[in-house]
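One-based numbering, in listed order, for ligands and for the atoms of each. A quick note: this is a predicted structure, and the numbers were derived from the prediction, not measured.
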Amino acid sequence: MSSTIGFIGLGHMGGPMAQNLLKAGHALKVFDLVPAALQVATQAGATATASAAEAASGVDLVVSMLPASRHVEGLYLGDQGLLNTIAKGTLVLECSTIAPESARKVSKAAAGRGIRMLDAPVSGGTGGAVAGTLTFIVGGAAADLEAAMPYLQVMGKNIFHAGEAGAGQVAKICNNMLLGIQMAGTAEALALGVANGLDPKTLSDIIAKSSGRNWATELYNPWPGVMDHAPASHEYEGGFGVDLMLKDLGLAAEASMQARATTPLGELARNLYALHSTQGHGTLDFSSILKLYHQPRNK
Ligand code: NAD
């Protein structure tokens, strides 16, 4: 079945996700604020539009992949918001990582206009977006998830229903808080080993087969040169930005306060990434947190 899809937000994640929908035979109307991102998508066969409203009109499905809550609320809500122009009954997949409160607010406004919206944040990084193996963590009505399944399966491999609207975001925030803690912990452990004379690759191989192993040691090592494909081996370019991780740790802190939960490690990690960002590293991949622990010494 070939559909027409409006895709808004063609960044590190949205770009490759859109490419996979094109490869599956769907027709895409795309919009991004950055002309270069639009150009890449049109070269792959998408039709560029001059506005988000144009991309989202006359389509079977709308997908959005934007940085943060304010972008998503700005896109859908208010007088100029997309919810005023999207046709009734249209399915909307909002894939950005945003505050659960924002997701619930937009979803409620959508329901009020007869638009079916799912919060569907993803996990798996840019590699997962390119390979079409993302994990989708979905909040919203089960029937809408069923309708979205053929599209989700093109972009992802594991699809979870976390609960009602906003639940996808809560689960995603818990995952990313753990990811931020693990990456900082992995950088700390590797820096300790190297400071004590170990080779970072040898230590990484040991940890990857021992009880300290985790996603960073298996797939996304923060030490330059240990894994060819990892952002660490490419000056920390691409991947998942420090400021996006900082945003997610901020969302975890807010969720923690709202529920009176205790998240001391999440808070510490948030402060580490904030410090790292203020040192001018906000746009680097988040594995560059290693720089807080290790600076190459002059021999
Ligand atoms: P990005 O900054 O690379 O891309 C965001 C894109 O949205 C940009 O191209 C920007 O121009 C566009 N944009 C912003 N406002 C817009 C608007 N009003 N209309 C149209 N386009 C607009 O970010 P990303 O890395 O692709 O991440 C997107 C989301 O996915 C974030 O919420 C992030 O937390 C989440 N996420 C990222 C990763 C990752 O590894 N990068 C992994 C999982 C989840």
Side-chain angles (χ1 to χ4, degrees), residues 6-20 28-41 46 48-56 62-78 80-83 85 93-100 102-103 106 119-131 133-138 155-156 158 168-169 171-180 183 215-216 219-220 229-232 236-252 273 282-288:
F7 202 112
I8 299 152
L10 301 162
H12 290 114
M13 298 295 288
M17 287 163 68
Q19 300 263 355
N20 284 329
L28 257 67
K29 293 169 72 183
V30 295
F31 179 67
D32 194 290
L33 301 175
V34 176
L38 278 174
Q39 206 182 347
V40 174
T49 61
S51 68
E54 199 185 318
V62 175
V63 185
S64 54
M65 191 49 159
L66 305 182
S69 301
R70 67 177 189 283
H71 306 93
V72 173
E73 290 194 26
L75 180 70
Y76 288 102
L77 303 178
Q80 306 295 317
L82 277 191
L83 294 184
T85 56
L93 276 180
E94 210 306 292
C95 299
S96 327
T97 304
I98 62 173
S102 279
V106 179
D119 46 297
V122 304
S123 180
T126 46
V130 172
T133 56
L134 290 170
T135 295
F136 281 90
I137 311 164
V138 182
M155 300 182 283
N158 297 298
Q169 298 295 350
K172 166 70 185 169
I173 287 166
C174 295
N175 178 76
N176 272 30
M177 183 181 82
L178 182 56
L179 173 65
M183 185 57 84
W215 187 78
L219 292 169
Y220 213 92
H229 67 271
Y236 298 104
E237 295 293 337
F240 181 48
V242 168
D243 284 344
L244 286 178
M245 174 51 85
L246 186 53
K247 174 201 67 169
D248 291 356
L249 291 166
L251 293 175
Y273 286 96
T283 59
L284 295 184
D285 178 74
F286 80 117
S287 62
S288 65

Contacts table for ligand 1: protein N or O within a distance under 3.5 Å of ligand N or O, distances only.
unit_1   : atom_1 : unit_2 : atom_2 : d
ligand 1 : 3 (O)  : H12    : N      : 2.9
ligand 1 : 3 (O)  : H12    : ND1    : 2.9
ligand 1 : 9 (O)  : D32    : OD1    : 3.2
ligand 1 : 9 (O)  : D32    : OD2    : 2.7
ligand 1 : 11 (O) : D32    : OD1    : 2.6
ligand 1 : 26 (O) : H12    : N      : 3.2
ligand 1 : 26 (O) : M13    : N      : 2.9
ligand 1 : 32 (O) : L66    : O      : 3.0
ligand 1 : 32 (O) : P67    : O      : 2.8
ligand 1 : 32 (O) : T97    : N      : 2.9
ligand 1 : 32 (O) : K247   : NZ     : 3.0
ligand 1 : 34 (O) : K247   : NZ     : 2.9
ligand 1 : 41 (N) : G239   : O      : 3.3

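Within the model, atoms CG of L249 and CE of M245 stand 5.5 Å from one another, a figure rounded to the nearest 0.5 Å. To the nearest 0.5 angstrom, L66 atom CG is 11.0 Å from T97 atom OG1.
Judged as a side-chain hydrogen bond (donor to acceptor under 3.5 Å, both in side chains), and not counting sequence neighbours, the contacts of S96 are E94. For Y236, the side-chain hydrogen bond (donor to acceptor under 3.5 Å, both in side chains) criterion is met by no residue, not counting sequence neighbours. In this view, N20 and K23, V154 satisfy the side chain to side chain contact (heavy atoms under 4.5 Å, CB included) rule, not counting sequence neighbours.
Ring planes of Y220 and W215: parallel class, angle under 30° (limits at 30 and 60°).
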